[in-house]
Amino acid sequence: MARSRCLVVEFDSERGMLVENYLTGKTTELHPALLAPLNSLADAVSWSDAQARFGGDEGAREILAALLSQDVLLDADGDPAALERRILTEWPWGRDSLLFHLSTRRTRFAYDLDTERQQLVALARESPPPPPYKDYGRDDIPLPASDLPDVSLADVLARRRTGRAFSGDPVTMRDLATILRTCWGVSSIHNDPGVGPVVLKTSPSGGARHPVEVYCIAQNVDGLEAGTYHFSAGRNALARLSAAAPSSDRVLEALTGQPWVADAAAVFLMTAVTKRSAWKYRQSHAYRVILLDAGHLGQTFHLVCTALGLAPWTSAAIDEAIAEELLGLDDPSEIVLYAAACGRPREP
């Protein structure tokens, strides 16, 4: 037998030290004195050898049996050990991603809509949901009226390509307003009795929670001073975040040095207000859904920019600490997720 290689330890104030096998999902309470003999079983040994390392008496035999039943220890010839070897051999990334993947894939879902409705109403009475959009309390730059051009969806889908060759020419304030309003703006607000306002947008969101906010770094927009702005979906306006525009070098650092960003007319940073989704979904699987939400918005961004004749670009390669600094974020419940940029395409 050998110690499982898929263990994670948690210290619980009430139950003490807990050890979970994140491959099988089994969790057991463990006395700290057992850590040293467990650590010695990285490689497979015989039952008698393992028993000796745990003290050699009948009590050690009972401990080994309990650890085997909870998959803290594995029979080297058993199915759990074979599955563990296969996954650890084939999994292409680090153990942190494997832990998240395996833990969240065991989420259980229920579809009793009446019960869910009752639970949401009760939750809203006890703890009202957070606001559906962020608001700095001002609309420094109201956005002009705008609309998408009359083009077919089939044509836009066929022409959609990621663009990294920007001409450096400005985009219009009208085009910027169209992008912000169509991608991240509120299409309508539904008042859910007993729960509160629910916003609807052009992209889907898990549970209609719409956790994603967007910030625009205007670099070359006609009629808009260069700088960093938050798009207020509720006010349909921009709130300026700082008096001075960030340097182009600092923007490039935030986007991990991707050089084409320097020629983009506008850069967009998407964040997620996690408590907006967590209000309804307490299980960690909701983090997966937030990432999917950002992906939906990225595709909408690409299609809108294509319809406007602009070159769209998106990327998850972000230096999040620098991005947080640029946006002035100090709330750990708002996390940086995704970047986008657009500009006039450079002629080939």
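Small disclaimer: the values here were computed from a predicted structure and weren't measured.
Using a 4.5 Å cut-off on side-chain heavy atoms (C-beta onward), Leu329 and Tyr215 make contact. Considering only heavy atoms from C-beta on, Ser203 stays 4.5 Å or farther from Gln299 through its side chain. Looking at heavy atoms from C-beta onward, Met1 lies out of side-chain contact with Leu67 at the 4.5 angstrom threshold. For the pair Leu291 and Tyr338, the minimum side-chain heavy-atom distance is 4.5 Å or more. Side-chain contact between Phe54 and Leu41 is present, with at least one heavy-atom pair separated by less than 4.5 Å. With a 4.5 Å cut-off on side-chain heavy atoms, Glu213 and Arg276 count as touching. Within the 4.5 Å cutoff, side-chain heavy atoms of Leu176 are placed close to those of Cys216. Annotation: side chain of Gln70 is not in contact with side chain of Leu30 (no heavy-atom distance under 4.5 Å).
Not a single donor-acceptor pair under 3.5 Å links the side chain of Arg3 to the backbone N or O of Ser40. Asp192 contributes no side-chain N or O that, together with a main-chain N or O of Val195, makes up a donor-acceptor pair within less than 3.5 Å. Side-chain atoms of Asp135 come within 3.5 Å of backbone atoms of Gly137 as a donor-acceptor pair (strictly under, hydrogens ignored). Using a distance-only test at 3.5 Å, with no hydrogens or angles considered, a donor-acceptor pair links the side chain of Thr107 to the main chain of Thr104. Between the side chain of Arg344 and the main chain of Val171, no donor-acceptor pair closer than 3.5 Å is present. At distances below 3.5 Å, at least one donor-acceptor pair connects side-chain atoms of Ser205 with backbone N or O atoms of His210. Judged by distance alone, with hydrogens and angles left aside, the side-chain atoms of Asp293 form a donor-acceptor pair with the main-chain N or O of Gly206 at under 3.5 Å. Between the side chain of Gln51 and the main chain of Asp57, a donor-acceptor pair closer than 3.5 Å is present. In this structure, the side chain of Glu84 engages the main chain of Arg5 through a donor-acceptor pair within 3.5 Å. Looking at Trp313, its side chain never comes within 3.5 Å of a backbone N or O of Val261 through a donor-acceptor pair.
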**OP:** Evaluate the criterion side chain to side chain contact (heavy atoms under 4.5 Å, CB included) for residue pair Ser4 and Asp71; output intermediate values, then yes/no.
**Re:** CA-CA 7 Å; Ser4 169; Asp71 296 337; 5.9 Å; no
**OP:** Check the pair Cys342, Phe268 against side chain to side chain contact (heavy atoms under 4.5 Å, CB included), reporting the backbone distance first and the verdict last.
**Re:** CA-CA 9 Å; Cys342 68; Phe268 305 88; 4.0 Å; yes
**OP:** Give the C-alpha distance, both sets of side-chain angles, the deciding distance and a yes or no for side chain to side chain contact (heavy atoms under 4.5 Å, CB included) between Gln118 and Val121.
**Re:** CA-CA 5 Å; Gln118 293 171 8; Val121 171; 5.9 Å; no
**OP:** Just do the side chain to side chain contact (heavy atoms under 4.5 Å, CB included) check on Tyr136 and Arg235 with the steps written out, would you?
**Re:** CA-CA 10 Å; Tyr136 282 84; Arg235 295 172 181 267; over 6 Å; no
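Both Trp47 and Ile63 are members of a single hydrophobic cluster when ILVMFWY side chains are connected at heavy-atom separations under 4.5 Å. Val151 and Leu310 fall into different hydrophobic clusters, where Ile, Leu, Val, Met, Phe, Trp and Tyr side chains are chained together by heavy-atom contacts under 4.5 Å. In the hydrophobic cluster analysis, where Ile, Leu, Val, Met, Phe, Trp and Tyr join through side-chain heavy atoms closer than 4.5 angstrom, Tyr22 is grouped apart from Leu18. One hydrophobic cluster, built from ILVMFWY side chains closer than 4.5 Å, cannot hold both Val186 and Val198; they sit in different ones. Placement of Val19 and Leu38 within a single hydrophobic cluster is found when ILVMFWY residues are connected by side-chain heavy-atom separations under 4.5 Å, directly or transitively.
More than 12 heavy atoms of other residues, nucleotides or ligands shown are found within 6.0 angstrom of CZ on Arg288. The 12-atom threshold is not exceeded at CG of Asp43, counting heavy atoms of other residues, nucleotides or ligands nearer than 6.0 Å. At most 12 non-hydrogen atoms from other residues, nucleotides or ligands lie less than 6.0 angstrom from OH of Tyr287. In the displayed structure, Asp79 atom CG is contacted under 6.0 Å by at most 12 heavy atoms of other residues, nucleotides or ligands.
In this model, no donor atom of one side chain and acceptor atom of the other lie less than 3.5 Å apart for Gln219 and Ser248. With no hydrogens or angles considered, no side-chain donor-acceptor pair links Thr300 and Thr202 at under 3.5 Å.
Lys275 has a carboxylate O that lies under 4.0 Å from a charged side-chain N of Asp331, or vice versa, which qualifies the two as a salt bridge. Between Arg240 and Asp140 there is no salt bridge, since no side-chain nitrogen of the basic residue lies less than 4.0 Å from a carboxylate oxygen of the acidic one.
Side-chain rings of His101 and Trp93 stay apart, their centers remaining 6.0 Å or farther from each other.
Residue Thr314 holds its OG1 atom at 3.0 Å from NE2 of His302, rounded to the nearest 0.5 Å. Rounding to the nearest 0.5 Å places CD1 of Ile189 at 9.0 Å from CG of Leu200. Interatomic distance, Leu303 CG to Leu308 CG, rounded to the nearest 0.5 Å: 11.0 Å. To the nearest 0.5 Å, atom CZ of residue Arg105 and atom CZ of residue Phe100 are 13.0 Å apart. Atom CD1 of Ile141 sits about 14.5 Å away from atom NE2 of His230, to the nearest 0.5 Å. Atom CG in Asp175 sits 10.0 Å away from atom CG in Leu148 (nearest 0.5 Å).
Here the shortest heavy-atom pairing between Ala245 and Ala226 reads CB-O, 3.3 Å. For the pair Trp91 and Ser97, the tightest heavy-atom approach, listed with the atom from each and the gap, is NE1-OG, 3.0 Å. Among all heavy-atom pairs drawn from Val212 and Lys201, the shortest one is O-NZ, 4.2 Å. Between Ala265 and Val221, the closest heavy-atom pair is O-CG2, 3.8 Å. Contact detail for Ile290 and Ala272: the closest heavy-atom pair is CG2-CB, 3.6 Å. Closest heavy-atom contact between Leu64 and Ala50: CD1-C, 3.8 Å.
Test Thr228, Leu326, Ile217 against Val267 for side chain to side chain contact (heavy atoms under 4.5 Å, CB included) and you get one pass: Ile217.
By the side-chain contact (heavy atoms from CB on, under 4.5 Å) test, Leu143 pairs with Met173, Ala177, Leu180, Arg181, Phe231, Asn236, Leu238, sequence neighbours left out.
Using cut-offs of 30° and 60° on the angle between ring planes, the pair Trp184 and Phe301 is tilted.
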